**Student:** 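Please find one structure pasted underneath; my questions will follow.
Whatever order the structure lists them in is the order used to number ligands and atoms, beginning at 1. Predicted model, so just to flag it, every value in this text is computed and none were measured.
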Amino acid sequence: MRVPGTKGVDRVMPKPIREGNGPRHVAIIMDGNGRWAQRRGRPRLFGHHAGAKRVREIVEACPDLGVRYVTIFAFSTENWRRTQSEVAGLMSLFRRYITKEARALFEENVRVRFIGDRVRLDKKLVSLMDELEFMTSGCTGVNLTIAINYGGRDEVARATRRLAQDVAAGKLDPDAVNEETLPKYLDTCVLPDPDLVIRTSGEARISNFLLWQSAYAEYEFIDTLWPDFCAEEFGRLVTAYGNRERRYGGVKA
Ligand code: FPP
């Protein structure tokens, strides 16, 4: 594509992502809610509530950007170490979020899934998660995956345990275990690997998020605190990804 009116200078425009070079799957570490609230002299939960409001804007931006899958890190296996009141507040926020957003997500054709270990979550929350997954199971638009009580190492350990059980039961030949077999036991077994991982709030860590799946992902660590992250900035990062060259360990074509 040429830029019109550049008097013979063949300036090449960045390729629009709709040509298929944008990320199909974007994973997001939503960090910075606590600091966002602190800067306003408010309790940390105020920041989490503001952060939850941002999720819809990002999901709604996906179709136009060509993003088919978006996976968000809402609560890690390490987050139980926070104060009891923050943990309880987050769990209550998840329950309220699911109850309040279910209809809108369904009407917007969003397919919702949850990843993470549900065993430690309270029964009411788990039943709301199950209901929302069931309710949106026929939706064919954006795939929104919410990670709650999720840790990459924990996921690989749980997957390995189930794989070992299948081996012990004679259902799986140990010689058949390879890079294609193991992901079938991961929570993300039906999802493609993320192409782009975004972390907000200026921290350059991956904090145990999608460890196996992000082996070849591109990363964006940005300073914006999650409650300030908007569709416009998301769009910029998605477009920037479209202009990168991914080689998966190979060499330039
Ligand atoms: C990290 O920020 C954020 C979390 C541990 C919770 C993320 C949850 C939300 C964005 C809201 C809920 C989402 C849904 C889908 C309902 P932090 O508290 O560690 O921030 P800090 O580093 O500034 O302290």
**Student:** Which protein heavy atom lies closest to atom 22 (O) of ligand 1, and at what distance to 0.1 Å?
**Tutor:** R35 NH2, 2.9 Å
**Student:** With a 4.5 Å limit on heavy-atom distance, are the side chains of V110 and T136 in contact?
**Tutor:** no
**Student:** Can W80 and N149 be counted as having a side-chain donor-acceptor contact under 3.5 angstrom?
**Tutor:** yes
**Student:** Among all protein non-hydrogen atoms, which one is nearest to atom 15 (C) of ligand 1, and what is the separation to 0.1 Å?
**Tutor:** I72 CD1, 3.8 Å
**Student:** Taking the six-membered ring of W36, is NZ or CZ of R39 closer than 6.0 Å to its centre and within 45° of its axis?
**Tutor:** no
**Student:** Show which atoms of ligand 1 fall inside a sub-4.0 Å distance from at least one heavy-atom site of W226.
**Tutor:** 10 (C)
**Student:** Distance to 0.1 Å, residue and atom name: give those for the protein heavy atom nearest to atom 18 (O) of ligand 1.
**Tutor:** R44 NH2, 2.8 Å
**Student:** Give the numbers and elements of all ligand 1 atoms closer than 4.0 Å to a heavy atom of A74.
**Tutor:** 6 (C), 7 (C), 8 (C)
**Student:** List every atom of ligand 1 that sits less than 4.0 Å from any heavy atom of N79, numbering the atoms from 1 in the order shown and giving each element.
**Tutor:** 5 (C)
**Student:** Would you say G34 has any N or O atom under 3.5 Å from an N or O of ligand 1, going by distance alone?
**Tutor:** yes
**Student:** Would you say the side-chain atoms of R199 and S207 include a donor-acceptor pair closer than 3.5 Å?
**Tutor:** yes
**Student:** Take every heavy atom of S201, measure it against each atom of ligand 1, and state whether any distance is under 4.0 Å.
**Tutor:** no
**Student:** N/O to N/O below 3.5 Å, does that happen between R82 and ligand 1?
**Tutor:** yes
**Student:** N/O of G32 under 3.5 Å from N/O of ligand 1, yes or no?
**Tutor:** yes
**Student:** Within the 3.5 Å criterion, strictly below it, is a donor on D130 or S127 matched to an acceptor on the partner's side chain?
**Tutor:** no
**Student:** If you round to the nearest 0.5 Å, how far is CD1 of I198 from CD of E218?
**Tutor:** 12.0 Å
**Student:** Please determine whether a side-chain nitrogen of the Lys or Arg among E133 and R118 lies less than 4.0 Å from a carboxylate oxygen of the Asp or Glu.
**Tutor:** yes
**Student:** Flag the pair F209 / S214 as yes when at least one side-chain heavy-atom distance between them is below 4.5 Å, and no otherwise.
**Tutor:** no
**Student:** Considering the heavy atoms of Y97, write down every atom of ligand 1 situated less than 4.0 Å from one of them.
**Tutor:** 16 (C)
